[in-house]
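Notes to accompany the following structure.
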2 protein chains.
Amino acid sequence: MAATMHDVSRLAGVSVKTVSNVINDYPYVREETRRKVLDAIDTLGYSPNLSARSLRSGRTNVISLMIPDLRNAYFAELADSVMRAAAERGLAVLIEQFGDDRQHEIDVLRQPRARMVDGVLHSVLTLDQGDADLIAELSTPLVLLGDRSVNGTRDHVTMRNTEGARAATEHLIAGGRRRIVALGAHPGEEIGSAALRLDGYRQALDAAGIPFDGSLVVPVGTWLRRNGAEGMRDFLTAGTPFDGVVAFNDAIALGALRALQEAGLRVPEDVAVVGFDNVDETQYSMPTLSTIDPGREEIARTAVDLLIRRMEGSSEAFAPEEIAVPFRLVQRESSAG
Amino acid sequence: MAATMHDVSRLAGVSVKTVSNVINDYPYVREETRRKVLDAIDTLGYSPNLSARSLRSGRTNVISLMIPDLRNAYFAELADSVMRAAAERGLAVLIEQFGDDRQHEIDVLRQPRARMVDGVLHSVLTLDQGDADLIAELSTPLVLLGDRSVNGTRDHVTMRNTEGARAATEHLIAGGRRRIVALGAHPGEEIGSAALRLDGYRQALDAAGIPFDGSLVVPVGTWLRRNGAEGMRDFLTAGTPFDGVVAFNDAIALGALRALQEAGLRVPEDVAVVGFDNVDETQYSMPTLSTIDPGREEIARTAVDLLIRRMEGSSEAFAPEEIAVPFRLVQRESSAG
DNA sequence: CTGAAAGCGCTAACAC
DNA sequence: GTGTTAGCGCTTTCAG
């Protein structure tokens, strides 16, 4: 049985209140008393029961991070950034994965596990305006990450999807490419990253006076390497001429890189490629991958800070904020020349 | 203010015990009563306070997973597997990163945060026999993962480091390679993955009657892509002839792949390469990477099950177990022919 | 500066 | 089948 505060107080010959004062760095404790208490804590190997503390204080100092899948490097790196930002502020992070399943995404939001965390960071995958009510009802402090707009009911940290994809496309156009594949479209979706990035792609074409060609828009299911490779292989089979690829994330870009080279095409000589996310791997692929850096660290820091504000919140004092973090084009070998 | 069990019992016109019975699926509750309670729960949007439940029951149903760094794909994938295994058993996972810092690794083990979790899965990085006392003292149920042996004081799930590395090396030898680089050594370390894998490498050479050549053993610091690339570049600069590489993990193998190709060497024609870990990326690299699959899923499942046994444990009923999970050689393009 | 005592929300004896 | 009640270990008034 682990030692309790009472055990400590007994051994130190003081009251539990004094022990509590020492533990919580209450300043007005005589130095000698503090010593005695610390000694007692040490000899008993005491450490406070966090469940009891939480019950009493109403805070757990744990937040949860809900993401689709850690195996996706972007989310692993996001989780890393979030955990570092959280640790700096004394918070632990409980990660919950919901895969690419819409119902699961919703369930995880409603789950009672949320009653054990002070707040939730949710990286939106499929939620949309129709879920606004659900989201508004949740009593937990909540900050949304990612792309889908669930307008105005909650704080929301987004990346600049449209602008980023536009910059990626413009970069290829500036390099002389004219027939640019948009890889990763989700036909039928009108919101979400895929739609926003496709918008950016079209804007760039429009601005350059290049006509939009639907046959260059290649759908890809879940944004995984495998699907990027498959999507590109299918496209190659169709034989449509092209000289550039704007992939909607790095994973499918890397898959496409593989498929292009299998087909004997040289990157960037025959086909220039740009991705989106700037995951670590893009610095080491063959060739290295040009990409859009969405500002992951800043997204994480901003989100954690917003969440803390809500958690401490004189609650609904502030209107929900939507913060779009700046992006950056990172040029590497896959689009050189 | 969130609703409590008392609110529910009042609204339903029953006692708290009955509410508790309904929530905990106690079978002997009249159907009508159950209905009333469930209705009340629904209208109040009640969900139980997990801190209170934990305080009372002594269980949180949360375990923590301590790993060096999520940005390393192997650990992200391990975390994924652990979370899935844990979720199947009703456990949530709190991830703690400790980087590559020994002191931090120790701190995180002693941290009081551990008092909020029912058990700990710790992926050993730098702990060794000298830390046996520290580890033995911890009161939390604990299962160690990984390679270093902290003999016999705790359950330990390991991968077959030596055998895996040996199989990787033998595979290259079988393909006719004779001058095989061992990439990723940690000179001076006598235990840990690096040492064990180097052992396997030497065993394979010995068995084939190939003399060991120290100039083919290339040290690499932290096993990251970047360091693998650098280690290989340095080695290439030295000009030592070679025709194969056994890299001690996939990240450095992928970095090396990059460095080799930058130098104009063809893989596998000029140099065959094998990694270790079978991370997802190895299926999509250029070329795809042969590797040792250490049985990540099984490691995760085994570890979670062992931990649960300790948590439920009529405690020290069982002697600490050491379970080595079977590995598998996955042959891909980087060592074809 | 320190002590006594109440109570956070829940579960589990124990009654009825 | 259902109600009463005593804590789990901590923080926090409120006294002294």
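Each chain gets a letter, A, B and so on, in the order the sequences are listed, and its residues count up from 1.
Contact annotation for A:Thr33: backbone-only contact, meaning every heavy-atom pair under 4.0 Å involves sugar-phosphate atoms and none involves a base. Looking at heavy-atom distances under 4.0 Å, A:Ser57 makes no contact with the nucleic acid at all.
Closest contact between the side chain of A:Lys17 and the listed nucleotides D:dT4, D:dG1, C:dA4 involves C:dA4. If you check D:dG3, C:dC10, D:dT11 against the side chain of B:Thr4, the one that comes closest is C:dC10. Side-chain proximity of B:Arg56 to the nucleotides D:dG1, C:dA12, C:dA5 is greatest for C:dA12. The side chain of B:Met5 sits closest to C:dT11 out of C:dT2, D:dT2, C:dT11. Among the nucleotides C:dT2, D:dT2, D:dG3, the one closest to any side-chain atom of B:Val14 is D:dG3. For B:Asn21, the listed nucleotide lying nearest its side chain is D:dT2; candidates were D:dT11, C:dC10, D:dT2.
Here C:dT11 presents its C1' atom at 12 Å from NE2 of B:His6, a figure rounded to the nearest Å. When the P atom of D:dA6 is taken as reference, atom CG of B:Leu55 falls 17 Å away, rounded to whole Å. As rounded to whole Å, 13 Å separates atom P of D:dT13 from atom CG of A:Asn24.
The structure places CG of A:Leu138 at 5.5 Å from CZ of A:Arg154, a figure rounded to the nearest 0.5 Å.
Regarding contacts with the backbone of D:dG9, every side-chain N or O of A:Arg53 stays at 4.0 angstrom or more from both OP1 and OP2.
Taking the centre of each ring, B:His122 and B:Phe98 come in below the 6.0 Å mark.
In the helix from C:dC1-D:dG16 to C:dC16-D:dG1, the rotation axis of the first five pairs and that of the last five pairs differ in direction by 30°, rounded to 10 degrees.
We find that A:Glu31 and A:Arg34 are joined by a salt bridge, their nearest charged nitrogen and carboxylate oxygen being less than 4.0 Å apart. A salt bridge links B:Arg309 with B:Glu321; the closest basic N to acidic carboxylate O contact falls under 4.0 Å.
Counting heavy atoms from C-beta outward, A:Leu91 and A:Ile308 have side chains that approach closer than 4.5 Å.
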